[in-house]
Amino acid sequence: MNLISVEHLTKEYRVHERPPGLMASLHSVFHRKYKIARAVDDLSFSIRSGERVGFLGPNGAGKTTTLKVLSGLLHPTAGTVRVSGFDPRRREHDFLQRITLVMGQKQQLLWDLPPADTFTMNRAIYDIPKQEFDETLSELSSLLELGKLVERPTRQLSLGERMKCELVAALLHRPKVLFLDEPTIGLDVSMQAELRTFLKKYNERFEATILLTSHYMDDVTALCPRVIVIDRGHLTYDGDLTQLVHKVRPHKRIVLRMHDGKQETHDVAPSDLKATITRLLSGDPISDLTVEDPPLEEVMRDLFAERGDRVTNS
Amino acid sequence: MARYFRLLLVRLRVSVQLGSQYRSDFLVGGVMALFWLSWNLVPMWVVWQKRPMIAGWSFPEALLVAAWFTLMRGVLEGAVQPSLVAVVEHIRQGTLDFVLLKPADAQFLVSTAKFESWRAADAIGALVIGGYALHRVAHPPAASAIAVALLLTLAGAAVLYAVAIVVVAAAFWVVRLDNLIYLFNSIFDAARWPLTVFRGFWRILFTFIIPLGLITTYPAMALLNKLDWPTALRALGGAMLFVALARVAWTRALKHYTSASS
């Protein structure tokens, strides 16, 4: 059964056109020109319960807008959206109990107090029974290895520590649907990996559905078997991640490491793989040889390059 | 209902914790509250030195209005405005999203976001001034008069809250609100005087449009047995109307936010 269904979703904003220059600015105080910006255009997709889906696209593609519509923060201009049987726009109590939205660039933790106080506050807001709260908190804390962290004021925590606590604050009510908007932004590689492992465990443990946007392709590769790619509000791909890679970049990549530390890469068609490897092995002595798919960053770059866009998902 | 009460307690506790994080702020705040309290009484004292009765009010009677003014200013600046300022910041930074994602009434969450606990000093000050004024007035108020005064106090606080919510609603369109808050505080200053001191336009303004009379003068009048029942009932009805209007303004503002923000 589909847990999330989006049909012909369109979201438009009315934006004020601000011309450059002083005179033009003064003029615009009295005569405002508005234009309609279409952030999401006739988007349709559906997600089954328990799926982990990566939501990809360049900046301004409409990813965040879609996540906000799905979580009830924005109202669609046209089309219908259902999440867990609810119309998000109505912001019903039972709906909000079931979902969470994590925004890597915004925080809900109280800045001057330890995260534990935000947790207590969320416990009161979500009306979580004491025992359930304690269980969830200790489980999340051990999964994220929080330790005594939650007792230090938020402002003294590092970005990564803060993000871990943000996740706990967002998951205390054990939501079944997770909308994650750039949850790993700004974090170092090991912290990113830690959060990915955690999200996967949460997904398995609570059978939660995850829809995630990220600038880090490693997040998507590690977490999401399925990806939805949108560009300028349109759906451009929906399906298996490996198939997307094969479709856009059918070549395999052979990486050779020589004895002197030099590295060579060769992109070859799968049918030529054997012949190329044989040829390479008969040449100079090598220390290592690997065959891999091209990195997702390059796939994305190729996918959007045709459109003449600057691709920021790298 | 019980859930919201629990939530309010948690919010209050967090505010006290926040307040005591910066202990010197806490102390300075309390001292400042006491200073303003005495300073506010000076003009009244000067004016009533010249004449024993002004617009039907003796000095001790006017002091009773000043006591309510002190209490209500504490409510305004300790319980209403800090949250209001926090919401405006939320709107500016986009973190209001977190409020709207919570399964609780957004207006409740927004208006209980922050309390300045040292403002309790105002309540103590109000009690002292009020106690002294009653002592000077000589005839102790009847139990029914005290009940009406308390009821009107709640109504007055509700009106203050309603006005603040309307201001917050405006913040969804106009992001800079500092001036509006400053303007309201300046107007509120007039509430230290008994309503009958004002005439014509000002009397109408402070009775119906920004009902400062209801907030400070009517409770004092009730205690002095000077308030007739019809006026008291109209005041209570008016307060409810204000709260209802504020709710409408808030709902409309939220609708605007969810369809306009990005």
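Keep in mind that what you see is a predicted model, and the values were worked out from it rather than measured. Below, each value reflects all heavy atoms present in this structure, side chains not excepted, and no hydrogens, waters or symmetry copies.
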Gap separating the CG atom of A/Asp181 from the CG atom of B/Asp97, nearest 0.5 angstrom: 10.5 Å

message: Distance check, rounded to the nearest 0.5 Å: A/Leu74 atom CG versus B/Leu100 atom CG?
response: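 Here the interatomic distance stands at 10.0 Å.
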
Work out which heavy atom in [X] is nearest to a heavy atom in [Y]; give both atom names and the distance.
{"X": "A/Leu101", "Y": "B/Phe98", "value": "O-CE2, 4.0 Å"}
{"X": "A/Arg91", "Y": "B/Ala106", "value": "NH2-CB, 4.3 Å"}
{"X": "A/Leu96", "Y": "B/Leu101", "value": "CD2-O, 3.5 Å"}
{"X": "B/Leu7", "Y": "A/Met121", "value": "CD1-O, 4.2 Å"}

message: Using a 3.5 Å distance criterion without hydrogens, assess whether the side chain of B/Arg6 forms a donor-acceptor pair with backbone atoms of A/Ala124.
response: no

task: Name the region of A/Asn122, side chain, backbone, both or neither, that has any atom closer than 4.5 Å to a heavy atom of chain B.
output: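 When you check distances to chain B, only side chain atoms of A/Asn122 fall under 4.5 Å.
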
- request: Please flag which part of A/Gln107 lies under 4.5 Å from any non-hydrogen atom of chain B: side chain, backbone, both or neither.
  value: backbone

Does [X] have more than 12 heavy atoms from other residues, nucleotides or ligands lying within 6.0 Å of its [atom1]?
{"X": "A/Glu207", "atom1": "CD", "answer": "no"}
{"X": "B/Trp202", "atom1": "CH2", "answer": "no"}
{"X": "B/Phe5", "atom1": "CZ", "answer": "no"}

task: Report the C-alpha separation of B/Thr95 and A/Gln108 in whole Å, then their side-chain angles, then the decisive distance to 0.1 Å, and conclude whether the side chain to side chain contact (heavy atoms under 4.5 Å, CB included) test is met.
output: CA-CA 7 Å; B/Thr95 39; A/Gln108 65 165 320; over 6 Å; no

query: Side chain, backbone, both or neither: which part of B/Leu109 has a heavy atom under 4.5 Å from chain A?
result: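 Contact with chain A involves the side chain of B/Leu109 alone.
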
message: Out of A/His173, A/Arg89, A/Arg155, return the one with the most heavy atom pairs under 4.5 angstrom to chain B.
response: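 Counting heavy-atom pairs under 4.5 Å, the top option is A/Arg155.
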
- request: Tell me yes or no: between the side chains of B/Lys102 and A/Gln97, is some donor less than 3.5 Å from an acceptor?
  value: no

